[in-house]
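Residue numbers start at 1 and run along the sequence shown. All values reported here derive from a predicted model rather than from experimental measurement.
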Amino acid sequence: LGTLLLVLLSAAFAVRVDVDTNLQNAKPWEHVWEACVGSGHAALGLRADWRAHLTAVRKDLGFQRVRFHGLFDDDMNVIIPTGTSFYNIDSVFDFILSLGMEPLVELSFSPGTLATTNTTLMHYKANISPPQPKGWYNLVKEFASHIQERHGKETVERFYFEVWNEPNCNFLDAPQDQLHSVYYSLYNNTASALKSVNPRLRVGGPVTCQSAWLDEFLDWTKKNNVPVDFVSTHLYPTDPDVVDGEAVPNMMKALSTVRKHSATLPLFYTEYNDGLFGDPPRHDYPFASAFILKTLTELDGRLPLLSWWTFTDVFEEQGFPPEEFDKPTSTGWGLLSASGIPKPSYRAFELLHRSGDLRLSSTVQGSTSVGSLATYDKASEDLMVFVWNFFWPTKATPTSETVTVFLKGITKAHFKMASIDTSHSNAPQAWRNDGSPKYLSPAQVQAYIEASQVTWTNVECTEVTGGCTLPSVVVEPQGTVIYVSSEGNKQEL
């Protein structure tokens, strides 16, 4: 009878999502994407709007750490004529910790007085020269001693310390044939300084772009008895070695590389997002929200830490363009616009934060673009189903799909349904419809915040043999539909 039911349902619906609601068949669903989120550079943490945005993503999205460049840049005033000053670092770290978050500490870049060349990058002119070894060692040691004294050993021992950023992608000024040796020397010097303060401080690298150097780096640390407590790297779906935006296979290949060296050493992806697109800027479209759901579902908790780049458009690597969305200089990576307006990607992370701690089995039939995730939360007793219709830009012609969700084992239930697509939870599209205005007034900002809200409608799951079906819905290209059970719903919608 069960097989016959599936055949009949398959014939009746163009695309079907089958969800097994039997909790005995569920498995843990770990919110590893909440471990960290990225930002621009440290000095932004002194701004009121940056702090308001971090407060929001902590509350709404559940992120636990924040990572940024330029902790020792001259705009942080760490080295001054009278010596060293950690005043600005304290201000930023104190605020992060006050939210119940922690910094993921990227140790970069060269203060001017320690720089060995005048090479700088980005609008804020980060000096990317290898720092003078003795001065850098002393600075890192003094910094580590200071934050340990200020925040306590127990707190600082939870921190992760990365050495530099993307030495293989033009963030370290050294001849190409010397890049490895220059970075390894910098890493060893930094790790030694940290461990001299407290051997339990956790240090890692090589913080490369495109998952590079992992094998070589781990070989070098082993041969030279250099400490490494975690491995970190970066990957974007637009990177050269990624096929059709499918980043997860590359991440799993990198994990296999690390596992050749250690069965326990954690691999962190401390930068990733939906791609380094400039035109069109897909990160301001529902494309990004569907990408988030697809990628995190495929990863399925196999990496312990991910860090989305970035949480806010208060960001100035290429300056601060006046456009609220669709920024022309590839600077609008944020989940929030510069004025604090949530994008579709923000709403995806917000809904994922509400997802449960158990993952239910769900399968899709009738489509290669439609994906699904079903979860159950033991505390709230919420059952959530996510359905998306994702297309990589160069892979296929986008089409809408009519989707029906079948819940096996539930005879009848009340649900609420919401969407993220062209006309739902989409402030950037409302802004485009208004002519893409610059320099928004407070009233405009509030109107677009309202346009970004997730709106819920009541739907019934109708009893059929073996379970119930939710109403068929058209999921547009890059769109997402979310269902939440409302049987005594303990989480406010």
Side-chain angles (χ1 to χ4, degrees), residues 30-32 34-39 41-48 50-55 57-59 61-73 76-80 82-108 111 135-165 187-205 207 226-232 264-266 268 270 304-307 311:
E30 298 181 20
H31 292 204
V32 295
E34 295 177 3
C36 191
V37 71
S39 176
H41 65 124
L44 295 173
L46 302 170
R47 294 177 56 126
W50 186 96
R51 294 185 174 197
H53 297 179
L54 188 65
T55 301
V57 301
R58 171 58 176 166
K59 175 179 177 289
L61 314 186
F63 287 118
Q64 299 158 16
R65 298 176 185 85
V66 61
R67 172 186 177 270
F68 38 76
H69 306 319
L71 191 68
F72 296 149
D73 284 355
M76 289 296 286
N77 294 294
V78 174
I79 297 182
I80 58 177
T82 55
T84 54
S85 171
F86 300 115
Y87 185 88
N88 283 335
I89 291 178
D90 285 347
S91 177
V92 176
F93 279 21
D94 287 354
F95 178 75
I96 293 168
L97 291 164
S98 76
L99 298 179
M101 300 180 73
E102 294 175 358
L104 195 158
V105 185
E106 177 195 306
L107 295 168
S108 67
W136 179 261
Y137 179 95
N138 291 337
L139 174 62
V140 171
K141 181 176 180 179
E142 186 179 355
F143 162 71
S145 298
H146 171 78
I147 60 171
Q148 181 167 274
E149 181 180 351
R150 184 176 184 85
H151 302 296
K153 289 180 62 175
E154 183 177 349
T155 295
V156 177
E157 285 173 3
R158 292 197 305 266
F159 291 1
Y160 294 104
F161 295 87
E162 284 186 319
V163 180
W164 215 253
N165 177 71
Y187 181 91
N188 188 26
N189 193 31
T190 308
S192 297
L194 289 169
K195 298 291 187 178
S196 73
V197 174
N198 182 345
R200 294 175 63 85
L201 297 186
R202 299 187 288 190
V203 62
V207 208
V226 177
V228 56
D229 300 298
F230 63 94
V231 178
S232 69
T264 57
L265 201 61
F268 298 163
T270 56
L305 186 146
L306 302 162
S307 185
F311 78 85

- Task: Could you pull out all residues at least two apart from E157 that satisfy salt bridge (Lys or Arg N to Asp or Glu O under 4.0 Å)?
- Result: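 With neighbours one apart ignored, the set is R200.
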
- Considering residues at least two apart in sequence or located in another chain, which fulfil the salt bridge (Lys or Arg N to Asp or Glu O under 4.0 Å) criterion with K141?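 With sequence neighbours excluded, K141 shows a salt bridge (Lys or Arg N to Asp or Glu O under 4.0 Å) to no residue whatsoever.
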
[X] side chain near [Y] side chain, heavy-atom distance below 4.5 Å:
{"X": "F68", "Y": "V92", "result": "yes"}
{"X": "Y160", "Y": "C36", "result": "no"}
{"X": "R65", "Y": "T270", "result": "no"}
{"X": "F93", "Y": "T155", "result": "no"}
{"X": "F143", "Y": "T84", "result": "no"}
{"X": "P111", "Y": "V78", "result": "no"}
{"X": "I96", "Y": "V66", "result": "yes"}

Gap separating the [atom1] atom of [X] from the [atom2] atom of [Y], nearest 0.5 angstrom:
{"X": "N198", "Y": "Q148", "atom1": "CG", "atom2": "CD", "result": "4.5 Å"}
{"X": "I89", "Y": "L46", "atom1": "CD1", "atom2": "CG", "result": "10.0 Å"}
{"X": "L201", "Y": "I147", "atom1": "CG", "atom2": "CD1", "result": "7.5 Å"}
{"X": "L71", "Y": "E162", "atom1": "CG", "atom2": "CD", "result": "12.0 Å"}
{"X": "L107", "Y": "L139", "atom1": "CG", "atom2": "CG", "result": "9.0 Å"}
{"X": "E102", "Y": "R67", "atom1": "CD", "atom2": "CZ", "result": "16.0 Å"}

- Task: Scan W136, W164, F86 and name whichever one has a ring-ring contact (aromatic ring centres under 6.0 Å, His included) with F72.
- Result: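 It is W136; the other options fail the test.
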
Of the non-hydrogen atoms in [X] and [Y], which two are nearest, and what is the gap between them?
{"X": "V203", "Y": "F230", "value": "C-CE2, 3.4 Å"}
{"X": "L99", "Y": "R58", "value": "O-NE, 3.1 Å"}
{"X": "E106", "Y": "S108", "value": "OE2-OG, 2.5 Å"}
{"X": "P227", "Y": "K195", "value": "CB-CE, 3.8 Å"}
{"X": "R150", "Y": "D94", "value": "NH2-OD2, 2.5 Å"}
{"X": "F268", "Y": "P304", "value": "CE2-CG, 3.7 Å"}

- Message: Determine whether a donor-acceptor pair (N or O, by modelled atom type, separation under 3.5 Å) exists between the side chain of S307 and the backbone of G38.
- Response: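 It does hold such a pair.
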
- Query: Between F63 and F311, is the gap from one ring center to the other below 6.0 Å?
  - Reply: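 That pair fails the under 6.0 Å test.
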
- Message: Less than 3.5 Å apart, any donor N or O on the side chain of S98 or R51 sitting next to an acceptor on the other?
- Response: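 No pair is found: no donor N or O on one side chain lies under 3.5 Å from an acceptor on the other.
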
- Is the H151 ring parallel, tilted or perpendicular to the F159 ring (thresholds 30°, 60°)?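 Tilted.
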
